[in-house]
Amino acid sequence: MIHLHDKTFEPFISSDEIDFAIQNMAKQMDDDFFDDTPVFIGVLNGSFMVMSDLMKKYRGMCEVSFVKMASYEGTQSTNEVKQLIGINENLEGKTVVIVEDIIDTGNTIEELRAIFKEKNVKHLKIATLFFKPEAYTKDIKIDYVGIRIPNKFIVGYGLDYDGLGRNLPDVYQLAE
């Protein structure tokens with residue numbers, strides 16, 4: 001058990017399970033992009049650990065960039081996505097892979113898809129380490145999913161609760 005602010009979290013997913021999931025995602029991407037040079041775009045702040053580990057395991061040539069979005073307050077999605085830091089690179093005609101730490105409602109992905117459509121990318125792929133199918137409300141295909149999880153609030157491995165917990169190597173879920 002760990003305590004962050006006013007909440008208690010219990011162990012949920014080990015760093016070994018996370019590593020295995022990222023390895024599988026990287027292998028799929030190696031196969032899919034063998035003749036392409038994709039641009040991997042991590043969604044900050046949460047994806048920094050996923051991006052780091054994914055890039056260490058991805059074997060092909062690629063470019064790496066980041067975008068920063070915000071949609072959470074505390075443990076609840078605000079259902080409102082604000083773009084904070086945009087993309088400066090010219091992405092026209094390139095394959096872009098959005099890399100998320102977690103996808104729940106899909107609001108951030110919907111917003112990102114709209115932004116990248118305007119940039120005339122060749123292909124837009126979506127990757128997430130954690131996916132909550134019960135919470136997902138969009139009709140947008142998620143191309144790479146590391147681990148499907150129930151609709152519970154989690155912290156660790158890049159995910160936080162009001163700023164705390166991002167540095168934890170394992171993932172914890174909110175205790176009942």
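Atom set for the values below is all heavy atoms of this structure, side chains included, hydrogens, waters and symmetry mates excluded.
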Which atoms form the tightest heavy-atom contact between [X] and [Y], and what is the distance?
X    : Y    : result
E100 : T108 : OE2-CG2, 3.4 Å
I102 : K132 : CD1-CE, 3.6 Å
D101 : G46  : OD2-CA, 3.0 Å
C62  : M55  : SG-SD, 3.8 Å
D160 : R166 : OD1-NH2, 2.9 Å
I13  : F130 : CD1-CE2, 3.6 Å

Under the side chain to side chain donor-acceptor pair (under 3.5 Å) rule, collect the residues that match up with [X], sequence neighbours excluded.
X    : value
K117 : none
E89  : S65
D19  : K57
Y172 : none

Under 4.5 Å between any side-chain heavy atoms of [X] and [Y], yes or no?
X    : Y    : value
H5   : Y161 : yes
N167 : Y157 : no
I41  : V99  : no
L91  : V39  : yes
F66  : M51  : yes
K125 : V96  : no
T8   : I2   : no
I98  : L124 : yes

- Task: Only counting residues at least two apart or in another chain, list the ones meeting ring-ring contact (aromatic ring centres under 6.0 Å, His included) with H3.
- Result: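 So H3 forms no ring-ring contact (aromatic ring centres under 6.0 Å, His included) with any residue.
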- Tell me the ring pair (Phe, Tyr, Trp, His ring centres under 6.0 Å) pairs involving residues 21-42, sequence neighbours left out?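 Every ring pair (Phe, Tyr, Trp, His ring centres under 6.0 Å) pair that includes a residue of residues 21-42, provided the two are not neighbours, is F40-Y58.
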In residues 144-155, what donor-acceptor pairs under 3.5 Å come from side-chain atoms, sequence neighbours left out?
{"residue": "Y144", "atom": "OH", "partner": "D32", "partner atom": "OD2", "Å": "2.6"}
{"residue": "K152", "atom": "NZ", "partner": "E176", "partner atom": "OE2", "Å": "3.3"}

- Item | Over 12 non-hydrogen atoms of neighbours within 6.0 angstrom of CG in D31 |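 Counting other residues, nucleotides and ligands, CG of D31 exceeds 12 neighbours.
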Looking at [atom1] of [X] and [atom2] of [Y], how far apart are the two atoms once the value is rounded to the nearest 0.5 Å?
X    : Y    : atom1 : atom2 : answer
L164 : F9   : CG    : CZ    : 9.5 Å
H123 : T95  : NE2   : OG1   : 5.0 Å
I103 : T128 : CD1   : OG1   : 4.0 Å
M25  : L129 : CE    : CG    : 6.0 Å

- Any side-chain donor near an acceptor of the partner, S14 and E17, under 3.5 Å: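 On atom types as modelled, these side chains qualify, holding a pair under 3.5 Å.
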Excluding sequence neighbours, so at least two apart, what forms side chain to side chain contact (heavy atoms under 4.5 Å, CB included) with [X]?
X    : value
K141 : D143
S15  : P169, D170
I140 : I109, E110, R113, I126, Y136, K138
N24  : F20

- Query: Hey, is the main chain of R59 close enough, under 3.5 Å, to the side chain of D30 for a donor-acceptor pair?
  - Reply: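 Flag set: sc D30 to bb R59 pair under 3.5 Å.
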- Message: Suppose the criterion is salt bridge (charged side-chain N to carboxylate O under 4.0 Å, His left out): which pairs have a residue in residues 34-44, not counting sequence neighbours?
- Response: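 For residues 34-44: D36-K122.
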- Message: Walk me through whether D53 and K56 qualify under salt bridge (Lys or Arg N to Asp or Glu O under 4.0 Å).
- Response: CA-CA 5 Å; D53 288 346; K56 290 174 199 165; 3.4 Å; yes
- Does the side chain to side chain contact (heavy atoms under 4.5 Å, CB included) test come out yes or no for K119 and E92, once each step is laid out? CA-CA 6 Å; K119 303 213 177 272; E92 190 168 336; over 6 Å; no
